[in-house]
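Below, chain A is the first sequence line, B the second, and so on; all start at residue 1. Fair warning: this is a prediction, and the values are worked out from it, not measured in the lab.
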2 protein chains.
Amino acid sequence: MSTTQPAASPRRRAAPPAAALDLSPLAGHVGFQLRLAQQQVFDAFHRGFSATGITPARYAVLALLHANPDVQQGHLAEALRVKPPNMVALLAEMTAQGLVDRQVDAANRRAYLLRLTPAGRALYEKLTPEILAMEQQVAHRLTPAQYATLIRLLAKLSPA
Amino acid sequence: MSTTQPAASPRRRAAPPAAALDLSPLAGHVGFQLRLAQQQVFDAFHRGFSATGITPARYAVLALLHANPDVQQGHLAEALRVKPPNMVALLAEMTAQGLVDRQVDAANRRAYLLRLTPAGRALYEKLTPEILAMEQQVAHRLTPAQYATLIRLLAKLSPA
DNA sequence: TTTCCATCATTATGGAGTATAACGATTGGC
DNA sequence: GCCAATCGTTATACTCCATAATGATGGAAA
């Protein structure tokens, strides 16, 4: 006995195994699993794209404006489940970045119609494959079929 | 001859159909679906339990302390993916509520060992079936088998 | 036409969750 | 005894999400 262990670095005790605690009471709660999963995706997003100045919320704006040009600001906010005051700040940043163009709706001068600038469209088309690849990296333990199932089941939790 | 319509409230035009916009570019992104799903569960939690002073994070503490009595504060924080400074605030509230008991670890007087008080244990046992019922209400569009599949796939997104 | 209310966006503000840096107290190897 | 690592704490800041109040515009009714 008494074999001297490798002692990777001197003057430091062995890292305690930390005796992983029992997580089973939370394992069956969808709320807890959702929080952990979203933290994973969110962290990966920021690790990969913070240099571009793009956040998940801003990418969602790019995606919806790409598919829905000339949409009203309030309708976009409703679709993304963002309150109007927060949409104001989001769009102020994106117009300052030159990604989004706002113009008064001639038929209703209270409203703004939104569309992507050419720079916004180019950024969306450049980012989309990278973001999809990042998400599949986070889900690397799922088969493509399992990934599709996950997306489909998650969609059933949100209102139609 | 021009039958007067019900006109639920006078002086108000019909609610505009709002022309739902195309969400398909985001439908395949797991990050977006996770955000919407978590918002659903989080909102339901607060609607149902805000009166009890219990938040999702506090319930998670109750659950882990119930299954892991006398765990170190730092180990609990690590298991819940909460940073130590935030765990301090969380436990300060719960000890003030009389739900958690903290005592110095005699074998390591820097550390605190945590356990539920009888009131904490009683609250955990009372809340658990109510919270599980609330989560299944949020997931009412999923069969039990689909719900189990969702939990299992979500768990695969988080590190083991 | 004038009046009144609804709509749309904005400003101001606050709460909750999460992050880092710095600090005091304690521990244990040298 | 010295010194670095550990454990918890304080101070602080940033992001996300929410409500209330305001200004501008639109539209229907008096």
Side-chain angles (χ1 to χ4, degrees), chain A residues 5 7-16 18 31-32 34-36 38-40 42-43 45-47 50 53-58 60-61 71-78 80-93 95 102-114, chain B residues 7-16 18 31-32 34-36 38-40 42-43 45-47 50 53-61 71-78 80-93 95 102-114:
Chain A
Q5 59 215 8
S9 63
R11 224 194 148 101
R12 173 173 300 171
R13 0 186 222 296
F32 184 70
L34 282 170
R35 171 174 170 270
L36 293 188
Q38 194 180 12
Q39 231 171 29
Q40 288 298 116
F42 190 81
D43 287 355
F45 199 111
H46 280 77
R47 275 196 307 275
S50 65
I54 289 298
T55 65
R58 290 183 216 195
V61 170
V71 68
Q72 270 194 25
Q73 183 167 328
H75 294 160
L76 178 65
E78 187 183 6
L80 291 177
R81 309 293 204 280
V82 168
K83 299 294 176 187
N86 302 321
M87 182 58 76
V88 171
L90 197 51
L91 289 175
E93 296 160 343
T95 54
R102 286 160 40 102
Q103 57 186 62
V104 174
D105 182 350
N108 181 355
R109 306 207 333 274
R110 291 168 297 191
Y112 284 103
L113 299 186
L114 307 173
Chain B
S9 64
R11 226 197 146 100
R12 173 171 298 171
R13 18 184 208 295
F32 183 69
L34 281 170
R35 172 173 170 270
L36 293 188
Q38 195 181 13
Q39 229 170 29
Q40 288 298 115
F42 190 82
D43 288 354
F45 198 111
H46 278 77
R47 274 196 308 274
S50 66
I54 290 297
T55 63
R58 289 184 216 194
Y59 175 73
V61 169
V71 68
Q72 271 194 25
Q73 183 168 327
H75 294 159
L76 178 64
E78 187 183 6
L80 292 177
R81 311 291 205 279
V82 168
K83 299 294 175 186
N86 302 321
M87 182 58 77
V88 171
L90 197 51
L91 289 175
E93 296 159 344
T95 54
R102 286 161 41 104
Q103 57 186 63
V104 174
D105 182 349
N108 181 354
R109 305 206 335 274
R110 292 168 297 191
Y112 283 103
L113 300 186
L114 308 173

Can you measure [X] atom [atom1] to [N] atom [atom2] for me and round it to whole angstrom units?
{"X": "B:F45", "N": "C:dA16", "atom1": "CZ", "atom2": "P", "result": "14 Å"}
{"X": "A:R110", "N": "D:dT25", "atom1": "CZ", "atom2": "P", "result": "10 Å"}
{"X": "A:M87", "N": "C:dT7", "atom1": "CE", "atom2": "C1'", "result": "17 Å"}
{"X": "B:N86", "N": "D:dC14", "atom1": "CG", "atom2": "P", "result": "16 Å"}
{"X": "B:L76", "N": "D:dT9", "atom1": "CG", "atom2": "P", "result": "12 Å"}
{"X": "B:Q103", "N": "D:dG8", "atom1": "CD", "atom2": "C1'", "result": "16 Å"}
{"X": "A:K83", "N": "C:dT7", "atom1": "NZ", "atom2": "P", "result": "15 Å"}

Task: Axial bend angle, the helix from C:dT1-D:dA30 to C:dC30-D:dG1: five-pair end segments, nearest 10° - done: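 Inter-axis angle at the termini of the helix from C:dT1-D:dA30 to C:dC30-D:dG1: 0°.
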I'd like to know if A:R109 reaches the base of D:dT25 with its side chain such that a donor and an acceptor end up less than 3.5 angstrom apart.
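Answer no: no donor N or O sits under 3.5 Å from an acceptor.
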On the nucleotide [N], are OP1 or OP2 found under 4.0 Å from the side-chain N or O atoms that [X] carries?
{"X": "A:R102", "N": "C:dT10", "value": "yes"}
{"X": "A:Q73", "N": "C:dT10", "value": "yes"}
{"X": "A:R35", "N": "C:dT18", "value": "yes"}

- Query: Could you state the interatomic distance from OG1 (A:T55) to CZ (A:R58), rounded to the nearest 0.5 Å?
  - Reply: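 Nearest 0.5 Å value for the OG1-CZ distance: 5.0 Å.
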Distance from A:R35 atom CZ to A:Q40 atom CD, nearest 0.5 Å?
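So the CZ of A:R35 and the CD of A:Q40 are separated by 11.0 Å.
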Which of the following nucleotides, [options], is nearest to the side chain of [X]?
{"X": "A:Q72", "options": "C:dG17, D:dT9, C:dA9", "result": "C:dA9"}
{"X": "A:V88", "options": "C:dT10, C:dT26, D:dT9", "result": "C:dT10"}
{"X": "B:P85", "options": "D:dA18, D:dT10, D:dG8", "result": "D:dT10"}

message = Donor-acceptor check, side chain of B:S50 to backbone of B:R47, threshold 3.5 angstrom: yes or no?
response = no
If you find the nucleotide of DNA chain C closest to A:D43 and the one closest to A:L113, which residue's nucleotide is nearer the 5' end?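 Going by which nucleotide is closer to the 5' end, it is A:L113.
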The residue, A:H46 or B:A111, whose nearest nucleotide of DNA chain D is more 5′ is B:A111
- Message: Let me spell it out: for each of A:P56 and A:N108, pick the nucleotide of DNA chain D with the closest heavy atom. Which residue's pick is nearer the 5' end?
- Response: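 Checking each residue's closest nucleotide, the 5'-ward one belongs to A:P56.
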**Prompt:** What are the two closest heavy atoms between B:H46 and B:P56, and how far apart are they?
**Reply:**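 Result for this residue pair: CE1-CD, 3.9 Å.
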